[in-house]
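What follows is a set of notes on a single structure, which appears directly below.
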Amino acid sequence: NAGVMQNPRHLVRRRGQEARLRCSPMKGHSHVYWYRQLPEEGLKFMVYLQKENIIDESGMPKERFSAEFPKEGPSILRIQQVVRGDSAAYFCASSPSPREEQYFGPGTRLTVT
Amino acid sequence: AQRVTQPEKLLSVFKGAPVELKCNYSYSGSPELFWYVQYSRQRLQLLLRHISRESIKGFTADLNKGETSFHLKKPFAQEEDSAMYYCALSAHTGANSKLTFGKGITLSVRP
C-alpha cells in the first residue's frame, strides 16, 4: 500500500489564479480529511468528506474554497482566485472508518506570489 | 469548541535525559487524545493514542482529566527521537473524527 498520495508537492500560483490540490487516499479508505498549516501554526481542520459527500466543511473559508471526493478518482481541494494569505502547507489524511487512525499524506506546499 | 495547547516550541535535551512534552486541552465532553510525530523529511504519523494505552518507542502518555492534560514522556531520550511532535484531540462528534492540533514542539536530542 503506497500510502496517502498528494500532488503536486509544491505549487506556485500568482494572485488571482486557481490552485487544485489532489489527494489519493490509501486503498480501502473512503474517508478523507483536509488540513491546512500556516507558518508557525499547527494543522487546522478544513473539511471532511466521504465518497461523493461532504460531511463537515466547518473549517473551510466560505468563499473561494471548495472540495470534492468523487466516486472515482482523487479528492480535490480547489482554491479560486488565490491570495497571499492562502500560502500554506495543505495536508490530506484518510481512514477506513471515522474512528480509526488517520494516515497523512506528505502535504502540498502552496506559495502565492 | 475544542482547543489544544502546547506551551513550548522547543525542547533541547542530551541523550539519555528524561523528556516531557506538555499538552493541555479544552473540551467539555470526552475527547480522544493523540500524539503525532513528524521526523525530518517524513510525513506526519501517529505515535500513540490514549485509548490504546500502549508504549511506543519508549514513549507514554497518560490522560489526566482533572488537569485536562496529556503529557508525553520518555525516561531516556535517544538522538533518533529528534522530531516535531503534535498533540491532537478528536471530539468524535457523531461519525466525525476531525482532529484539533496544537502548534507542535520541536524536540532536539543532542549526543
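Just so you know, these numbers use all the heavy atoms, side chains as well, and skip hydrogens, waters and symmetry mates. Chain identifiers are assigned alphabetically (A, B, ...) following the order of the sequence lines, protein sequences preceding nucleic acid strands; residue numbering begins at 1 within each chain.
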Checklist entry - Are A:Ser58 and B:Lys98 close enough that some pair of their side-chain heavy atoms sits under 4.5 Å apart? => result yes
Next on the checklist: Test of understanding: clusters of I, L, V, M, F, W, Y form through side-chain heavy atoms closer than 4.5 Å, transitively. Do B:Val37 and B:Leu11 belong to the same one?
Outcome noted: yes
Checklist entry - In terms of hydrophobic clusters joined by side-chain contacts under 4.5 Å, are B:Leu21 and B:Tyr39 together? => result yes
Checklist entry - For the atom pair OH (A:Tyr35) and CG (B:Leu44), what is the distance rounded to the nearest 0.5 Å? => result 9.5 Å
Next on the checklist: If hydrophobic clusters are built by linking Ile, Leu, Val, Met, Phe, Trp and Tyr wherever their side-chain heavy atoms come under 4.5 Å apart, do B:Tyr25 and B:Leu48 end up in the same one?
Outcome noted: yes
Item to check | Inter-residue atom distance B:Lys103.NZ - A:Gln37.CD, 0.5 Å rounding | outcome: 11.5 Å
Checklist outcome for this item: Distance col, row B:Ser97:OG vs A:Asp56:CG, nearest 0.5 angstrom, shows 11.0 Å
Checklist outcome for this item: So NZ of B:Lys9 and CD of A:Glu40: to nearest 0.5 Å the spacing works out to 4.0 Å
Item to check | Check: B:Arg43 side chain, A:Gly3 main-chain N or O, donor-acceptor pair, under 3.5 Å | outcome: no
Item to check | Part of A:Gln102 lying under 4.5 Å from any heavy atom of chain B | outcome: both
Next on the checklist: With a 6.0 Å cut-off (strictly less than), is the heavy-atom count around CD of A:Gln81, excluding the residue itself, greater than 12?
Outcome noted: no
Next on the checklist: Hydrophobic clusters here meaning ILVMFWY residues chained together by side-chain heavy-atom distances under 4.5 Å, can you tell me if A:Phe104 and A:Phe69 are in one?
Outcome noted: no
Item to check | Co-membership, hydrophobic cluster, residues B:Ile56 and B:Val19, 4.5 Å side-chain | outcome: yes
Checklist outcome for this item: Shortest non-hydrogen pair, A:Phe45 vs B:Leu99, comes out as CB-O, 3.9 Å
